[in-house]
Amino acid sequence: MAMATVKLSSPAAGLLAGGRPRRSAPARRATVIRAAAGSYSDELVSTAKSVASPGRGILAIDESNATCGKRLSSIGLENTEANRQAYRQLLLTTAGLGEYISGAILFEETLYQSTTDGKKFVDCLKDQNIMPGIKVDKGLVPLPGSNNESWCQGLDGLASRCAEYYKQGARFAKWRTVVSIPCGPSALAVKEAAWGLARYAAIAQDNGLVPIVEPEILLDGDHGIERTLEAAEKVWSEVFFYLAQNNVLFEGILLKPSMVTPGAEHKEKASPEAIAKHTLTMLRRRVPPAVPGIMFLSGGQSEVEATLNLNAMNQSPNPWHVSFSYARALQNSVLKTWQGRPENVEAAQKALLARAKANSLAQLGRYTGEGESDEAKKGMFQKGYTY
């Protein structure tokens with residue numbers, strides 16, 4: 001990590017009574033400063049801009065083996081490494097995917113896997129100008145002293161893991177923590193989430209990885225949209241405070257926020273226009289324009305809902321690239337089309353391209369929703385969902 005020491009201009013200048021040295025205002029603020037992101041600064045900025053490129057977004061396939069197993073079991077497949085590899089090979093070898101997808105978040109197993117023909121998945125992505133990313137957190141555990149809330153673990157050994165992931169070809173990282181509105185959120189949980197994200201972001205940048213900053217505000221609850229807005233502003237205020245304290249390079253990060261919506265159990269649904277208005281209000285109040293990209297999570301919305309809401313946010317220019325980082329909202333139709341059968345691979349890949357193209361159009365503000373299937377309109381919210 002590059003270091004630079006701020007020195008006083010003259011040892012004799014400005015001595016106080018008793019010989020105590022007088023420090024200048026800049027020196028009082030920071031006797032020692034760090035060069036942001038070390039030697040990787042230019043690369044981080046370039047990577048972030050590549051991911052946040054017009055008409056493209058992120059395919060999130062970083063589900064843990066247990067969660068991937070749940071997806072596979074929904075179509076009658078066993079949770080084996082061979083089946084996980086087959087499914088992810090279907091996704092990552094889809095011809096033309098790079099037209100709509102700029103980055104793919106992988107689970108550690110996938111980062112080191114290859115196709116059945118021996119080609120590394122990382123190389124499959126690079127051939128389509130898709131940046132490989134990696135999930136680096138170690139999951140959620142109960143937060144002692146909180147209101148039945150959780151915190152995200154994984155800082156121990158993170159620097160060495162990030163260095164190894166970089167060697168393997170990853171160029172960005174993801175760390176997901178969550179905040180629950182029905183549980184408060186408590187000041188302790190918000191601070192823990194923000195501090196953990198900031199420490200992770202600084203460590204990732206030091207090792208050449210663009211950090212995706214993701215404090216997911218869960219859909220659980222019957223609260224209205226104004227309550228979500230209030231909680232989101234509180235969370236993002238804390239997050240950027242601690243990002244700054246940790247000298248994180250804002251031009252070299254990406255955000256993965258929740259959209260500002262009512263709780264999933266609220267009696268009234270909000271329109272895409274209302275969700276866009278509240279979400280953009282929150283972002284304009286909290287997110288500096290130096291941040292290159294806002295890559296929304298879908299969080300249990302239906303495929304069509306997530307796309308319509310994204311489209312509504314791109315009806316006028318924004319200070320940042322406003323796009324998507326979807327998992328279920330890109331994969332649901334794909335899984336149901338594939339059904340684990342080799343003869344369905346081509347049809348499943350077409351389903352992936354259709355969803356990716358729809359969200360590409362939404363990023364450009366040109367999605368209409370015409371011709372969408374009833375299946376794509378089904379919500380995917382699960383109370384207490386674990387990733």
Exercise. For Leu97, does its backbone N or O pair with a side-chain atom of Gln128 as donor and acceptor, under 3.5 Å?
Worked result: yes
Exercise. In Å, rounded to the nearest 0.5 Å, how long is the span from OG1 of Thr115 to CG of Leu90?
Worked result: 13.0 Å
Exercise. Okay, side chain of Asn83, backbone of Glu78: is any donor-acceptor separation there less than 3.5 Å?
Worked result: yes
Problem set entry | Arg171-Thr47 side chain donor-acceptor pair, cut-off 3.5 Å | no
For this session: May I ask you to decide if the ring planes of Trp338 and Tyr87 are parallel, tilted or perpendicular, using 30° and 60° as cut-offs?
Result: parallel
For this session: Report yes if the side chains of Arg71 and Arg328 come closer than 4.5 Å at any heavy-atom pair, otherwise no.
Result: yes
Exercise. Would you say Ser360's side chain and Gly55's backbone share a donor-acceptor pair under 3.5 angstrom?
Worked result: yes
Exercise. With hydrophobic residues grouped by side-chain heavy-atom distances under 4.5 Å, do Leu143 and Leu218 end up in a single group?
Worked result: no
Problem set entry | Sidechain-backbone polar pair: Glu108 side chain, Ile134 backbone, donor-acceptor under 3.5 Å | no
Exercise. Among the clusters formed by ILVMFWY side chains lying less than 4.5 Å apart, do Phe250 and Trp195 turn up in the same one?
Worked result: no
Problem set entry | Close side-chain approach of Met295 to Val51, heavy-atom, < 4.5 Å | yes
Problem set entry | Gln315, CD atom: more than 12 neighbouring heavy atoms under 6.0 Å | yes
For this session: Apply the test side chain to side chain contact (heavy atoms under 4.5 Å, CB included) to residues Leu310 and Tyr326: give CA-CA distance (whole Å), side-chain angles for both, the deciding distance (0.1 Å), then the verdict.
Result: CA-CA 11 Å; Leu310 177 63; Tyr326 294 164; 3.9 Å; yes
Exercise. Is there side-chain contact between Arg56 and Ser50, with at least one heavy-atom pair below 4.5 Å?
Worked result: yes
Exercise. So, Asn79 side chain and Asn65 main chain: donor-acceptor pair closer than 3.5 Å or not?
Worked result: yes
Exercise. Heavy-atom count around Asn148 CG within 6.0 Å, excluding the residue itself: above 12?
Worked result: no
Problem set entry | Under 3.5 Å donor-acceptor, Ser102 side chain and Gly57 backbone | yes
Problem set entry | Check: Ile101 and Thr94 side chains under 4.5 Å, non-hydrogen atoms | no
Exercise. Any donor and acceptor pair, going by atom type alone, linking the side chain of Ser46 with main-chain N or O of Asp42 inside 3.5 Å?
Worked result: no
Under 3.5 Å, side-chain donor or acceptor atoms of residues 182-190 against the rest of the protein: list the pairs with distances, not counting sequence neighbours.
from	atom 1	to	atom 2	distance (Å)
Ser186	OG	Glu149	OE1	2.6
Ser186	OG	Ala189	N	3.1

Problem set entry | Minimum-distance pair of heavy atoms, taken over all atoms of Asp206 and Tyr40 | O-CE1, 3.3 Å
Exercise. Do the side chains of Leu111 and Val122 get nearer than 4.5 Å, heavy atoms only?
Worked result: yes
Exercise. With Ser333, which of Glu303, Lys350, Arg355 fulfils side-chain hydrogen bond (donor to acceptor under 3.5 Å, both in side chains)?
Worked result: Glu303
For this session: Check whether any side-chain heavy atom of His278 sits under 4.5 Å from a side-chain heavy atom of Glu226, and report yes or no.
Result: yes
Exercise. Same cluster or not: are Val210 and Val287 linked, directly or through other Ile, Leu, Val, Met, Phe, Trp or Tyr residues, by side-chain heavy atoms under 4.5 angstrom apart?
Worked result: yes
Exercise. Measuring from Leu158:CG to Asn207:CG, what's the distance to the nearest 0.5 Å?
Worked result: 7.5 Å
Exercise. Which distance, rounded to the nearest 0.5 Å, do you find between the OG of Ser298 and the CD of Glu305?
Worked result: 10.5 Å
Problem set entry | Full working for side chain to side chain contact (heavy atoms under 4.5 Å, CB included) between Lys357 and Tyr367 | CA-CA 9 Å; Lys357 182 178 180 180; Tyr367 172 74; over 6 Å; no
Exercise. If you take all heavy atoms of Ala198 and Val248, which pair is closest and at what distance?
Worked result: O-CG2, 4.0 Å
Exercise. Roughly how far, to the nearest 0.5 Å, is OG1 of Thr307 from CD of Gln301?
Worked result: 9.0 Å
For this session: Enter the distance from Ile105:CD1 to Ser325:OG here, rounded to the nearest 0.5 Å.
Result: 3.5 Å
For this session: Could you label the plane-to-plane angle of the Trp175 and Tyr200 rings as parallel, tilted or perpendicular, counting under 30° as parallel and over 60° as perpendicular?
Result: parallel
For this session: In plain terms, say whether Arg88 and Glu63 are close enough for a salt bridge, that is, a side-chain N and a carboxylate O under 4.0 Å apart.
Result: yes
Problem set entry | Any donor-acceptor N/O pair, Gln363 side chain to Val322 backbone, under 3.5 Å | yes
For this session: Measure across Leu361 and Asn311 and return the closest heavy-atom pair with its distance rounded to 0.1 Å.
Result: O-OD1, 4.0 Å
Problem set entry | Validation row: Thr177, Asp137 side chains within 4.5 angstrom (heavy atoms) | no
Problem set entry | Exercise: identify the closest heavy-atom pair between Gln205 and Ile253 | NE2-CG2, 3.4 Å
For this session: Look at the side chain of Glu109 and the backbone N and O of Gln85, then say whether any donor-acceptor pair between them is shorter than 3.5 Å.
Result: no
Exercise. Going only through I, L, V, M, F, W and Y residues with side-chain contacts under 4.5 Å, is there a path from Leu91 to Leu297?
Worked result: no
Problem set entry | Lys/Arg-Asp/Glu bridge criterion (N-O < 4.0 Å) met for Lys119, Asp127 | yes
Problem set entry | Ionic contact status for Lys167 with Glu164, cut-off 4.0 Å | yes
For this session: Give a yes or no on whether a salt bridge exists between Glu230 and Arg227, defined as a side-chain N under 4.0 angstrom from a carboxylate O.
Result: yes
Seminar exercise, completed: Of all heavy-atom pairs linking Ala202 and Asn246, the shortest is CB-O, 3.8 Å
Seminar exercise, completed: Heavy-atom closest pair (Ala270 atom, Ile225 atom, distance to 0.1 Å) is CB-CD1, 4.2 Å
For this session: Would you kindly confirm whether Leu330 and Leu335 end up in one hydrophobic cluster when ILVMFWY residues are joined by side chain heavy atoms under 4.5 Å apart?
Result: yes
For this session: Carefully, step by step, assess Ile203 and Val136 under the rule side chain to side chain contact (heavy atoms under 4.5 Å, CB included).
Result: CA-CA 11 Å; Ile203 293 167; Val136 299; over 6 Å; no
For this session: For Leu197 and Leu243, run side chain to side chain contact (heavy atoms under 4.5 Å, CB included): C-alpha distance rounded to whole Å, both residues' side-chain angles, the deciding distance at 0.1 Å, then the answer.
Result: CA-CA 8 Å; Leu197 285 164; Leu243 287 173; 5.6 Å; no
Exercise. Is the NZ atom of Lys49 crowded by more than 12 outside heavy atoms at less than 6.0 Å?
Worked result: no
Exercise. Going from SG on Cys152 to CZ on Arg176, what distance comes out if it is rounded to the nearest 0.5 angstrom?
Worked result: 8.5 Å
Problem set entry | Side-chain heavy-atom pair Asn359, Tyr100 within 4.5 angstrom cut-off | no
Problem set entry | Under 3.5 Å donor-acceptor, Asn314 side chain and Ala362 backbone | yes
